[in-house]
2 protein chains.
Amino acid sequence: MAKDDLGQELPEVDPSGQELVYMAVANHIAGQIERGERAVGSRLPSELDLSNMWGVARMTTRRAIRELSERGLVRAVHGKGTFVTRPDS
Amino acid sequence: MAKDDLGQELPEVDPSGQELVYMAVANHIAGQIERGERAVGSRLPSELDLSNMWGVARMTTRRAIRELSERGLVRAVHGKGTFVTRPDS
DNA sequence: ATGCATTTGTCCGTATGTATG
DNA sequence: TCATACATACGGACAAATGCA
């Protein structure tokens, strides 16, 4: 059972299933943000770290972050990282 | 015939071949560490230097260093460099 | 105390190839 | 045929830590 940086278990996402992998990643992180487990202003693991944690490709991680970004939950800053902007959508 | 900082010849790695470029770099350095040619505590060439020596992208060098790091052979320190931690895996 | 160079860390964008559905 | 997803690999820019002049 793989765990993320918060020590939470990560669901195994089957790429052949109905749920899109990048959406599963995005929803998992969105839930943590909405529950306040990821504080506003805190930094997410890097794209590469998230990719390794989840066992997914970097492109998939980037799509997930783009998804969160479009929901207004996070903001990616060039050279710094990706930060939580709001606690809820 | 390109040479590294130890004066050793570097194999030409064909990105289109079967052997992965980052693994070739990692294995080359790992061998030097295991043979004691790179002492514990010594610093590796910078990522940029390694990239230039091997004629590869920095990302490939970083991937190789990550590999060595996961084997417990080296440890990267922000702002300082990457250092040999143990002589063998 | 300030500035600069070096080095690692991170994000951005792109390309190629393979596999699956 | 096309979208999703994996892995590798390229190049670039910006940020942060370190060390030195």
Side-chain angles (χ1 to χ4, degrees), chain A residues 2 4-5 10-29 38 41-85, chain B residues 2 4-5 10-30 33 38 41-85:
Chain A
D4 66 10
D5 58 310
L10 299 182
E12 289 157 24
V13 188
D14 181 8
S16 62
Q18 300 111 15
E19 190 180 25
L20 300 181
V21 178
Y22 79 88
M23 280 298 291
V25 176
N27 287 333
H28 181 87
I29 296 174
R38 291 193 185 275
S42 69
R43 217 202 73 194
L44 261 52
S46 72
E47 295 174 350
L48 230 57
D49 285 345
L50 284 173
S51 302
N52 294 333
M53 280 178 203
W54 284 83
V56 302
R58 181 188 160 214
M59 289 308 302
T60 304
T61 300
R62 283 177 60 74
R63 290 198 66 171
I65 290 176
R66 197 180 82 193
E67 182 68 25
L68 294 172
S69 186
E70 285 169 357
R71 293 189 206 170
L73 294 176
V74 305
R75 193 167 64 100
V77 183
H78 194 175
K80 294 185 72 174
T82 302
F83 302 85
V84 177
T85 50
Chain B
D4 67 9
D5 59 310
L10 299 182
E12 289 157 23
V13 187
D14 180 8
S16 61
Q18 292 111 16
E19 190 181 24
L20 302 181
V21 178
Y22 81 87
M23 281 297 292
V25 176
N27 287 333
H28 182 87
I29 297 174
I33 294 175
R38 291 192 185 275
S42 69
R43 217 202 73 191
L44 261 52
S46 73
E47 294 174 352
L48 226 57
D49 286 344
L50 284 173
S51 301
N52 292 334
M53 280 178 204
W54 286 83
V56 301
R58 187 185 165 206
M59 187 204 157
T60 303
T61 299
R62 284 180 62 77
R63 183 68 185 79
I65 289 176
R66 195 182 93 194
E67 182 68 26
L68 295 173
S69 186
E70 285 169 356
R71 294 189 205 170
L73 294 176
V74 304
R75 194 166 65 97
V77 184
H78 194 177
K80 295 185 73 172
T82 302
F83 302 87
V84 177
T85 51

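We name chains A, B, ... by the order of the sequence lines, and we start the count at 1 in each one. Both backbone and side-chain heavy atoms feed into the values below; hydrogens, waters and symmetry mates do not. On a predicted model such as this, the values are computed, not experimentally measured, just so you know.
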Nearest heavy-atom neighbours spanning B:Arg71 and B:Ala30
NH1-CB, 3.5 Å

Nearest heavy-atom contact between A:Tyr22 and A:Ala64 is O-CB, 3.4 Å

For the pair B:Thr61 and B:Val25, evaluate side-chain contact (heavy atoms from CB on, under 4.5 Å) and give the outcome as yes or no after the intermediate values.
CA-CA 7 Å; B:Thr61 299; B:Val25 176; 5.7 Å; no

Heavy atoms of B:Glu47 and B:Arg62 approach each other most closely as OE2-NH1, 2.8 Å

For A:Leu50 and C:dG9, give me the distance from atom CG to atom C1', rounded to whole Å.
15 Å

Using a cut-off of 4.0 Å on non-hydrogen atoms, how would the nucleic acid contact of A:Arg66 be classed: base, sugar-phosphate, or nothing?
nothing

Taking all non-hydrogen atoms of both residues, which atom of B:Ala76 and which atom of B:Thr82 are closest, and how far apart?
CB-OG1, 3.7 Å

Atom CG of B:Asn52 and atom P of C:dT6: how far apart are they, to the nearest Å?
13 Å

Taking OP1 and OP2 of C:dC11, is either one under 4.0 Å from a side-chain nitrogen or oxygen of A:Thr82?
yes

Using a 4.0 Å heavy-atom cut-off, does A:Arg63 contact any base of the nucleic acid, only the sugar-phosphate backbone, or nothing at all?
sugar-phosphate

Under 4.0 Å between a side-chain N/O of B:Tyr22 and OP1 or OP2 of D:dT8, yes or no?
yes

With a 4.0 Å cut-off on N to O distance, would you call B:Asp5 and B:Arg38 a salt bridge?
yes

Closest non-hydrogen atoms of A:Leu10 and A:Met53, given as atom of the first, atom of the second and distance, are CD1-O, 3.6 Å

Considering only side-chain heavy atoms of A:Arg43, which listed nucleotide, C:dT10, D:dT8, D:dA5, is closest?
C:dT10

With the criterion being N/O to N/O and under 3.5 Å, what pairs connect the protein with nucleotides 14-16 of chain D, and how long is each?
from	atom 1	to	atom 2	distance (Å)
D:dA15	O4'	A:Gly79	O	3.0
D:dA16	N3	B:His78	NE2	3.0

Please determine whether a side-chain nitrogen of the Lys or Arg among A:Arg63 and A:Glu67 lies less than 4.0 Å from a carboxylate oxygen of the Asp or Glu.
no

Rounded interatomic separation in angstrom, taking CZ from A:Arg75 and P from C:dC11:
13 Å

Nearest-nucleotide pick for B:Ala57, side chain only, options being D:dG11, D:dA5, C:dT8
D:dG11

Taken to the nearest whole Å, CZ/A:Arg62 to P/D:dT4 is 16 Å

Over how many whole Å does the gap from A:Asp49 atom CG to C:dG9 atom P extend?
10 Å

Looking only at heavy atoms, what is the nearest atom pair of A:Thr85 and A:Val74, with distance?
OG1-N, 3.5 Å

For the side chain of B:Met59, counting heavy atoms from C-beta on, which of D:dC10, D:dA5, C:dC11 is nearest?
D:dC10

Without decimals, in angstroms, what is the distance between B:Met23 CE and D:dT8 P?
10 Å

Rounding to an integer number of Å, can you tell me how far A:Trp54 CH2 sits from D:dA7 P?
15 Å

B:Leu48 vs A:Leu44, nearer the 5' end of DNA chain C by closest nucleotide
B:Leu48

Between the protein and nucleotides 16-18 of chain C, which nitrogen or oxygen pairs are less than 3.5 angstrom apart?
none

Closest approach to the side chain of B:Ala76, judged atom by atom: which nucleotide of C:dG9, C:dC12, D:dA9 is it?
C:dG9

With the side chain counted from C-beta on, respond yes when B:Leu50 and B:Ile29 share a heavy-atom pair under 4.5 Å apart, and no when they do not.
yes

Using whole Å, report how far CD1 of A:Ile65 lies from P of C:dC12.
7 Å

